[in-house]
Amino acid sequence: MVKSTFFEGDGMERTLIGNLRQAIGQKVKVQGFLHVLRDQKKMQFLVLRDTTGMVQVAHYRPANEDLANQISALTPESALTIFGTVVDNPIVKLGGLEIQLESLLVNNLAEAPLPLDPTAETLPSIDYRMDWRYLDLRRRQSLTLFQVETAVEMAMREYWVQNGFIEIQSPKIMGAPSESGAELFEIKYFEGKAYLAQSPQFYKQMAMAAGFDRVFEIGPVFRADPSFTSRHMTEFTGIDMEMSWIDSHDDVMSFQERWLQYIYKRVKETHGEAIQEYFGVDLVVPEVPFPRLTMAEAYAILKDQNYALPPEKKGDIDPGGERLLGQYVKEKYGNDFVFIIDWPIAVRPFYHMRHEDNPGLTKSFDLLGSGLEITTGAQREHRYDILLRQAEEKGLHAEPIQDYLNFFRYGCPPHGGFGLGLARLMMVMLNLPNIREAVYLFRGPNRLTP
RNA sequence: GGGGGCGUGGUGUAGCGGUUAACAUGCGGCCCUGUCAAGGCCGAGAUCGCGGGUUCGAACCCCGUCGCUCCCGCCA
């Protein structure tokens, strides 16, 4: 980094705006974006913004005409370094303090006008915001979202590590599809071809065969579904975990609900106020256990509410039905979350274990958050013969998945796990209408830039 | 893949058969002894996505097309 050696005050340590209260009376160096400029005849006010807050910087024009002219030439959202003295001033609405400006360094003058104004009250359309995402992300709400997401991931890891989990990183380039049905992105791979992983499913199960007991992974997954909705992406961050020595899928669910409760608890502690301020959401730590509804019960409720399920969808629930169930559970149990359990084999993959006493049903579950599907989980079938038979029943040939099937030939504990969409969890947590807002950069059928 | 909706100054909207196409915000200029989502005045900026049609006349009606968006399917 090139430094101006003759610039007054350079070499000082940066003070974050959030810490200025402790620096009253001191000379400080503050760096950030120019939020607004009020350039008056005698007085000039700059509001500077960094990730910790905003502060007013004042300059009395006649005190330094050169500096005054420099200020007048500034444009909103320019990147600035300012030097000045922090003074307590109860009249200032922004934090009751201000900085008396002494000198100013323009690190990067923003062009005017801005294509997207991060300080504006009205929001451009979602697509336009994606075009200018780096300016859109300067909005305080966006910053908060990613601070919350960081806390979410940290809390996840804390809970996993406390419970003996090992983190894995499975490959995203695969020679064969990991699950049938879902659409795969095919890529050129030297002379042949390969696929982008649409799930770490097989690899996290391999860790069970490897004796890892409990594993988790946070990583990208790819789906070549041309879905045009507010909750689908072609690339997203998958949260996956798998645990051994379970008795049934109920062990997985009871782990997940306590894990989620811990996440909410930690996030509320650290970001509850910011979430209230910038999202208008009073974060509620969910009670455990979450309500559980069997598919049969869910159907009965929907029927009772006069919800018309599409006739051809025997054994599944459509998004409208999920939203209604979410409302129902919220009203009846006061919980935003609900497990829908015991799904018919017709709508579940071959590796889901089936109930001994009812082979038409799987030991599986979905988790709905505010009526949005955020998780699918199950106990897996770990017995080779049965797994092979179930694959064949689903019309799958053993050959392409033989590597996977082999995991279960040399000693493999009973196990289960789940996958959760990180961005969907953020939608539920912060009450967001669109998944595009919940991710750093959105990837969809029509969006590959920036 | 199927269906619905929407494309009007930079942005967000109003107008929905005859308007100098309106408003907000932003931008530029001037004014204002401390402002604080500042305020006041002035100004620039839109052939109303594109193509065709109906009509004396189209931003407005019709057809096509492109783009975006939402819903369904599929899922996380």
Side-chain angles (χ1 to χ4, degrees), chain A residues 35-47 54-63 72 75-77 87 89-98 100 110-132 135-136 140 179 181-183 198-201 220-240 309-310 312-313 316-323 347-349 366-369 372-377 418-428 433-436 438-439 444-447:
Chain A
H35 193 76
V36 290
L37 172 64
R38 290 188 283 274
D39 190 4
Q40 301 174 181
K41 190 174 190 179
K42 283 280 166 54
M43 290 299 300
Q44 294 173 306
F45 298 98
L46 299 76
V47 175
M54 296 196 280
V55 65
Q56 173 165 291
V57 180
H59 181 244
Y60 182 58
R61 263 183 179 277
S72 292
T75 49
E77 292 301 310
V87 295
N89 188 348
I91 291 168
V92 179
K93 292 179 181 175
L94 197 56
L97 57 76
E98 69 181 357
Q100 290 174 343
E111 290 179 30
L114 294 158
L116 186 154
D117 178 4
T119 70
E121 286 181 33
T122 55
L123 224 46
S125 69
I126 189 73
D127 194 53
Y128 189 81
R129 289 169 59 196
M130 295 299 105
D131 286 341
W132 299 98
L135 294 175
D136 182 52
R140 193 77 214 183
E179 290 185 47
E183 295 292 329
Q198 53 98 300
S199 161
Q201 180 62 36
V221 291
F222 306 89
R223 305 274 168 93
D225 291 308
S227 295
F228 301 94
T229 76
S230 56
R231 60 186 187 281
H232 287 87
M233 299 184 279
T234 50
E235 175 181 352
F236 63 94
T237 301
I239 310 285
D240 275 86
L309 282 158
E312 74 274 17
K313 292 208 52 176
D316 208 347
I317 302 174
D318 61 8
E322 290 177 341
R323 286 189 287 271
V347 295
R348 290 308 212 196
D366 273 11
L367 177 63
L368 307 184
L372 177 67
E373 188 175 332
I374 61 174
T375 281
T376 295
F418 66 81
L420 176 147
L422 176 59
R424 286 198 178 178
L425 178 61
M426 297 306 294
M427 287 175 76
V428 172
N434 196 310
I435 204 162
R436 292 164 179 79
V439 292
N446 298 329
R447 173 62 72 170

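Order of the sequence lines fixes the chain letters, A, B, ..., with proteins taken first and strands second; residue numbering starts at 1 for each chain. Note that this is a predicted model, so its numbers are computed, not measured.
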Side chain to side chain contact (heavy atoms under 4.5 Å, CB included) between A/Thr75 and A/Glu111, intermediate numbers included: CA-CA 7 Å; A/Thr75 49; A/Glu111 290 179 30; over 6 Å; no

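Proximity of A/Phe228 to A/Asn446: side-chain heavy atoms (C-beta onward) are separated by under 4.5 Å at one or more points. Here the side chains of A/Ser72 and A/Gln44 are in contact, with some heavy-atom distance below 4.5 Å. Looking at A/Thr119 and A/Pro76, their side chains never come closer than 4.5 Å, going by heavy atoms from C-beta outward. Counting heavy atoms from C-beta outward, A/Phe236 and A/Arg223 have side chains that approach closer than 4.5 Å. Within the 4.5 Å cutoff, the side chain of A/Thr375 has no heavy atoms near those of the A/Arg424 side chain. Proximity of A/Asp39 to A/Arg61: side-chain heavy atoms (C-beta onward) are separated by under 4.5 Å at one or more points. Counting heavy atoms from C-beta on, the side chains of A/Met427 and A/Ile374 never come closer than 4.5 Å. Between A/Arg447 and A/Thr234 the shortest side-chain heavy-atom distance does not fall below 4.5 Å.
Between A/Leu368 and A/Glu373, the shortest heavy-atom distance links the atoms CD2-CA, 3.8 Å. Listed here is the closest heavy atom pair of A/Gly419 and A/Asp240: CA-OD2, 3.6 Å. Annotation for A/Met233 and A/Ile435: closest pair CE-CD1, 3.6 Å, computed over non-hydrogen atoms.
Using P as the reference atom, B/rC30 and B/rC23 are 24 Å apart when rounded to the nearest Å. Atom C1' of B/rG28 sits at a distance of 23 Å from the matching atom of B/rU20, rounded to the whole Å. A gap of 37 Å separates the P atoms of B/rG1 and B/rC16, to the nearest Å. Between B/rA46 and B/rA21, the two P atoms lie 13 Å apart (nearest whole Å). Nucleotides B/rA44 and B/rG34 have their C1' atoms positioned 31 Å apart, rounded to a whole Å. Atom P of B/rG15 sits at a distance of 34 Å from the matching atom of B/rG73, rounded to the whole Å. Comparing the P positions of B/rC41 and B/rG18 gives a spacing of 32 Å, expressed to the nearest Å. The C1' atoms of B/rA22 and B/rU65 are separated by 30 Å, rounded to the nearest whole Å.
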Can you tabulate the close N/O pairs, meaning under 3.5 Å, that link protein atoms to atoms of nucleotides 31-34 of chain B?
| unit_1 | atom_1 | unit_2 | atom_2 | d |
| --- | --- | --- | --- | --- |
| B/rC32 | OP1 | A/Lys41 | NZ | 2.8 |
| B/rC32 | OP2 | A/Lys41 | NZ | 3.1 |
| B/rC32 | N4 | A/Asp39 | O | 3.2 |
| B/rG34 | OP1 | A/Gln40 | NE2 | 2.8 |
| B/rG34 | N1 | A/Glu98 | OE2 | 3.1 |
| B/rG34 | N2 | A/Asn89 | ND2 | 3.0 |
| B/rG34 | N2 | A/Glu98 | OE1 | 2.9 |
| B/rG34 | N2 | A/Glu98 | OE2 | 2.8 |

Atom pairs, N/O to N/O, protein against nucleotides 42-44 of chain B, distance under 3.5 Å?
none

Can you pull every protein N or O that's under 3.5 Å from an N or O on nucleotides 9-15 of chain B?
| unit_1 | atom_1 | unit_2 | atom_2 | d |
| --- | --- | --- | --- | --- |
| B/rG10 | O2' | A/Tyr128 | OH | 3.4 |
| B/rG12 | OP1 | A/Ser125 | N | 3.0 |
| B/rG12 | OP1 | A/Ser125 | OG | 3.4 |

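Listed pair A/Asn434 / B/rC70 meets the phosphate criterion, a side-chain N or O lying under 4.0 Å from OP1 or OP2. For the pair A/Arg129 and B/rC68, the criterion of a side-chain N or O lying under 4.0 Å from OP1 or OP2 is not met. For B/rG73, neither phosphate oxygen OP1 nor OP2 lies less than 4.0 angstrom from any side-chain nitrogen or oxygen of A/Arg231.
The separation between A/Leu97 atom CG and B/rC36 atom C1' is 13 Å, rounded to whole Å. Summarising the geometry, the separation between CZ on A/Arg61 and C1' on B/rU35 is reported as 13 Å, rounded to the nearest angstrom. Per the geometry, CD1 belonging to A/Ile374 stands 17 Å off P belonging to B/rC75, to the nearest Å. Rounded to whole angstrom, the span from the NE2 atom of A/His232 across to the C1' atom of B/rG73 amounts to 9 Å. Residue A/Arg323 contributes atom CZ, which lies 7 Å from atom P of B/rC71 at whole-angstrom precision. Between A/Asn446 atom CG and B/rG7 atom P there is a gap of 20 Å when expressed in whole angstrom units. Put simply, CD on A/Glu322 is 11 Å from C1' on B/rA76, counting in whole angstrom units. Rounded to an integer number of Å, the gap from A/Ile126 CD1 to B/rU69 C1' is 10 Å.
In this structure A/Arg140 satisfies the salt bridge (charged side-chain N to carboxylate O under 4.0 Å, His left out) test with no other residue, sequence neighbours excluded.
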Could you list the donor-acceptor pairs under 3.5 angstrom formed by side chains in residues 91-98 of chain A, with sequence neighbours left out?
| unit_1 | atom_1 | unit_2 | atom_2 | d |
| --- | --- | --- | --- | --- |
| A/Glu98 | OE1 | A/Gln56 | NE2 | 3.0 |
| A/Glu98 | OE2 | A/Asn89 | ND2 | 3.4 |

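Using modelled atom types, one side-chain atom of A/Thr229 and one backbone atom of A/Arg231 make a donor-acceptor pair closer than 3.5 Å. Of the possible donor and acceptor atoms, one in the side chain of A/Tyr128 sits under 3.5 Å from a partner among the backbone N and O of A/Pro115.
Using a 4.0 Å heavy-atom distance criterion, A/Ile239 is classed as making no nucleic acid contact. The residue A/Val47 sits apart from the nucleic acid: no heavy atom pair falls under 4.0 Å. Using a 4.0 Å heavy-atom criterion, one finds that A/Thr376 contacts the sugar-phosphate atoms exclusively.
In terms of position on RNA chain B, the residue among A/Ala112 and A/Ser230 whose nearest nucleotide sits closer to the 5' end is A/Ala112.
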Base-pair map of RNA chain B as dot-bracket, where | denotes pairing with a different strand and pairs are Watson-Crick or G-U under 3.5 Å: ((((((((.[[[[.)..(...]]]].(((((.......))))).....[[[[[..)....]]]]])))))))....

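Among B/rC75, B/rC71, B/rC70, the nucleotide with an atom closest to any side-chain atom of A/Arg436 is B/rC70. Checking B/rC68, B/rA76, B/rU69 against the side-chain heavy atoms of A/Ile435 singles out B/rA76 as nearest. Checking B/rG1, B/rG26, B/rC74 against the side-chain heavy atoms of A/Ser227 singles out B/rC74 as nearest. Listed candidates were B/rC68, B/rC75, B/rG73. Nearest to the side chain of A/Asp127 is B/rC68.
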